[in-house]
Amino acid sequence: MKVNLRKASVHKADGVFAYKPWMKIQVGDVVKLEKDQFFPADLLLLSSSYEDGICYVETVNLDGETNLKVKRSLEVTLPLDDDEAFKNFAGTVTCEDPNPHSLRSLPIGRSDGAAAFPPELHRRLCISPVGLIWSSSSV
């Protein structure tokens with residue numbers, strides 16, 4: 001239970017982030033992680049402090065491996081590199097029902113006019129497992 005009492009930086013509105021405990025975080029919340037931060041939830045990587053959108057994740061709590069795994073955000077969400085960039089961000093993630101091919105890709109739904117998705121990109125985008133970060137990992 002102590003893990004769920006830890007606080008994470010969560011987007012409130014208009015590019016403003018505030019801390020709240022993990023147990024209060026809901027599906028769809030945008031969470032900002034810091035280096036060496038552990039997180040108890042599966043996450044979709046939207047952007048990174050690295051220009052190419054990569055993130056190094058330690059999964060020792062999941063698989064016992066101490067090497068870092070490389071994760072990558074979608075190219076279209078790379079501009080989300082500071083708090084202000086989230087001011088007009090909105091989007092919908094839809095997932096298919098579990099099946100033998102579930103981990104191949106996850107479709108992300110259309111944006112509703114967010115600045116992060118220019119009009120020419122208002123379409124369905126697929127997210128590969130390389131953009132997913134599993135719970136009990138750390139960045």
Item to check | Distance-minimising heavy-atom pair for Phe38 and Arg6 | outcome: CD2-NH1, 3.1 Å
Checklist entry - Within a strict 4.5 Å, meaning less than it, do heavy atoms of the Ser73 and Leu46 side chains meet? => result no
Checklist entry - So which pairs with a foot in residues 28-40 pass salt bridge (charged side-chain N to carboxylate O under 4.0 Å, His left out), sequence neighbours left out? => result Lys20-Asp29, Lys32-Asp83
Checklist outcome for this item: Excluding Val70, membership of its hydrophobic cluster (Ile, Leu, Val, Met, Phe, Trp, Tyr; side-chain heavy atoms within less than 4.5 Å) reads Tyr50, Ile54, Tyr56, Leu68
Next on the checklist: Can you list everything that forms a side-chain hydrogen bond (donor to acceptor under 3.5 Å, both in side chains) with Thr59? Sequence neighbours excluded, please.
Outcome noted: Asp63, Lys69
Item to check | Nearest non-hydrogen partners of Pro79 and Ala85, listed with the distance | outcome: O-CB, 3.5 Å
Checklist entry - Which atom names give the shortest non-hydrogen contact between Lys71 and Val57, and what distance separates them? => result CG-CG2, 3.6 Å
Item to check | ILVMFWY clustering at 4.5 Å (side-chain atoms), partners of Leu78 | outcome: none
Item to check | All ring-ring contact (aromatic ring centres under 6.0 Å, His included) counterparts of Phe17, not counting sequence neighbours | outcome: His11, Phe86
Checklist entry - Hey, is CD on Gln37 packed in by over 12 heavy atoms from elsewhere, all under 6.0 Å? => result yes
Next on the checklist: Going by side-chain contact (heavy atoms from CB on, under 4.5 Å), name the residues that satisfy it together with Val16, two or more places apart in sequence or in a different chain.
Outcome noted: none
Checklist outcome for this item: Looking only at heavy atoms, the pair that brings Ile25 and Ala8 closest together is CD1-CB, 3.8 Å
Next on the checklist: Check whether Ser47 reaches the backbone of Leu80 with its side chain - one donor and one acceptor, N or O, closer than 3.5 Å.
Outcome noted: yes
Next on the checklist: Going by the rule side-chain contact (heavy atoms from CB on, under 4.5 Å), which residues pair with Pro21 if we only count those two or more places apart in sequence or in a different chain?
Outcome noted: Met23, Lys24
Checklist entry - Can you check whether Leu74 reaches Leu44 side chain to side chain, under 4.5 Å on heavy atoms? => result no
Checklist entry - Under the salt bridge (charged side-chain N to carboxylate O under 4.0 Å, His left out) rule, what pairs show up with a residue in residues 38-62, not counting sequence neighbours? => result none
Checklist entry - After noting the C-alpha distance and the side-chain angles of Leu45 and Thr77, does the key distance pass the side-chain contact (heavy atoms from CB on, under 4.5 Å) rule? => result CA-CA 9 Å; Leu45 181 62; Thr77 56; over 6 Å; no
Next on the checklist: Taking side-chain contact (heavy atoms from CB on, under 4.5 Å) as the definition, give me every residue that meets it alongside Val27, ordered by chain and number, with sequence neighbours left out.
Outcome noted: none
